[in-house]
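Below is one structure, written out as structure tokens; comments come after it.
In what follows, chains carry the letters A, B, and so on, assigned in the order in which the sequence lines appear, proteins first and then strands, with residues in each chain numbered from 1. Source: prediction; values computed, not measured.
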2 protein chains.
Amino acid sequence: MTAKKQLLTETALQLFYARGIHAIGINEILAQSGVAKKTLYHHFASKDELLLAALQLRHERFISWLNESLQQATTGDAAVEKLFMALSSWFNSEEEKLGYFRGCFFINTSAEFSDAESAVFQRCQLHKQVVRETIGRYLQCDEQRLNKVCLLMEGAIVTAQVSGGADAACALAVKILSNDKGQG
Amino acid sequence: MTAKKQLLTETALQLFYARGIHAIGINEILAQSGVAKKTLYHHFASKDELLLAALQLRHERFISWLNESLQQATTGDAAVEKLFMALSSWFNSEEEKLGYFRGCFFINTSAEFSDAESAVFQRCQLHKQVVRETIGRYLQCDEQRLNKVCLLMEGAIVTAQVSGGADAACALAVKILSNDKGQG
DNA sequence: GTTGAGGTAGACTGATTTGTCTACTTGTAA
DNA sequence: TTACAAGTAGACAAATCAGTCTACCTCAAC
């Protein structure tokens with residue numbers, strides 16, 4: 001991975017996440033990164049390939065951030081607490097690793113690539129699956145409890161993005177999970 | 001509202017919802033509807049204005065569908081049950097009024113119009129607010145309970161769109177709300 | 001120094017983008 | 001019949017889209 005390729009991927013991620021995929025042209029990515037067009041097409045076969053690289057970069061960063069946020073939790077309950085504290089911080093754009101909050105990059109991208117057969121959509125699906133597995137490693141609970149946590153997490157992300165009220169949404173999710181604890 | 005204007009709005013909604021805003025060009029809407037370009041710009045000042053009309057049409061249909069789905073519920077609990085039954089049916093594309101399920105049109109559109117100042121984004125915000133108020137009218141509960149229901153609804157919509165498992169997500173949401181009932 | 005490969009620059013192509021223009025048709029009212 | 005306005009048609013324009021092309025540069029191996 002050359003420096004230019006990294007720079008292109010980084011710039012693409014920043015612009016795609018900030019303003020969407022179809023709204024960003026190749027030329028804008030090139031102008032901002034200062035790389036030539038031929039160089040981009042030397043490293044990537046198409047805009048979609050560049051997008052896949054950007055998704056991969058974001059995915060690695062997000063999973064890394066998630067692990068860091070949860071790793072000190074010793075009990076499942078503490079992990080839930082830490083998870084939604086971290087999410088709340090992300091929603092308020094206070095997590096340096098994740099940048100300015102603009103919703104979940106993978107949900108946003110799914111909205112633009114609806115075709116379930118497309119590699120881009122499938123990459124978004126895979127991200128959610130790995131996020132679920134990562135959280136599951138810290139929660140030490142059954143599948144149903146894990147599904148509940150993930151359902152509330154997605155709800156919190158979308159609510160924070162569209163309606164605002166990030167802190168309240170996270171606090172509410174924690175409260176729901178607390179009340180639900182030990183239930184069937 | 002002339003017939004052509006209605007046809008344009010209808011066609012725009014169909015294409016925008018199916019494939020996203022920036023992925024659909026004006027020309028495709030014109031080709032599919034059989035209307036001339038000048039006619040479009042006679043009725044709408046810009047593509048954004050057409051989009052706003054499409055959002056309005058979808059909003060009216062969605063709220064109407066929501067009222068129909070909930071109107072026979074006599075208790076708050078029954079309303080919750082009915083709500084998630086209806087959502088499940090929507091996710092499975094079995095609600096004729098809402099068409100083939102491709103997530104929430106307003107969440108999807110928000111993903112493409114991040115600028116909080118834009119009229120489009122604000123229209124999406126307003127939709128979520130009215131949906132919340134509409135549900136609140138049937139639930140007869142405090143604000144916190146209503147927020148919980150909405151949080152889980154958003155989670156279910158996104159989960160159904162990206163990860164699949166629509167029925168399970170709705171069933172889980174109902175179960176959570178049942179366990180949570182009467183809690184602080 | 002020579003050679004060869006990997007990487008880079010930016011003009012160029014053809015398709016497509018949103019939006020404008022002039023000319024035409026249609027319906028209504030005097 | 002005449003006059004006028006509302007609505008319509010589709011060619012056209014300027015900008016931008018993704019992607020290609022030739023020419024050049026850099027640097028390591030020998």
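Atom NZ in A:Lys47 sits about 12 Å away from atom C1' in D:dG19, given to the nearest Å. Taking atom OH of residue B:Tyr41 and atom C1' of nucleotide D:dG10, one finds them 14 Å apart after rounding to whole Å. One atom, NZ of B:Lys5, and another, P of D:dG7, lie 10 Å apart when rounded to the nearest Å. Per the geometry, CG belonging to B:Asp48 stands 13 Å off C1' belonging to C:dG19, to the nearest Å. Going from atom CG of B:Leu40 over to atom P of C:dT20 covers 11 Å, rounded to whole Å. B:Leu15 places its CG atom 12 Å from the P atom of C:dT18, with the value rounded to the nearest Å. In this structure, B:Leu7 atom CG and D:dT8 atom P are separated by 10 Å, rounded to whole Å. Regarding A:Leu8, its CG atom lies at a distance of 13 Å from the P atom of C:dG7, rounded to whole Å.
Residues B:Phe106 and B:Arg58 meet the side-chain proximity criterion, which asks for heavy atoms closer than 4.5 Å.
Other residues, nucleotides and ligands contribute at most 12 non-hydrogen atoms within 6.0 Å of the CD atom of A:Glu96.
Judged by distance alone, the side chain of A:Asp115 and the main-chain N or O of A:Glu117 form a donor-acceptor pair under 3.5 Å.
Side chain to side chain, B:Asn67 and B:Arg137 fail the donor-acceptor criterion of an N or O pair below 3.5 Å.
Phosphate contact (OP1/OP2 of D:dA6, side-chain N/O of B:His43, threshold under 4.0 Å): absent.
Taking the six-membered ring where the residue is Trp, the centroids of A:Trp90 and A:Tyr100 are separated by 6.0 Å or more.
The residues A:Glu10 and A:Lys5 are annotated as not salt-bridged, no charged nitrogen and carboxylate oxygen being separated by less than 4.0 angstrom.
Annotation: proximity of residues 21-39 of chain B to DNA chain C (heavy atom, distance under 4.0 Å) is found for B:Ile24, B:Gly25, B:Ile26, B:Asn27, B:Lys37, B:Lys38, numbered in ascending order.
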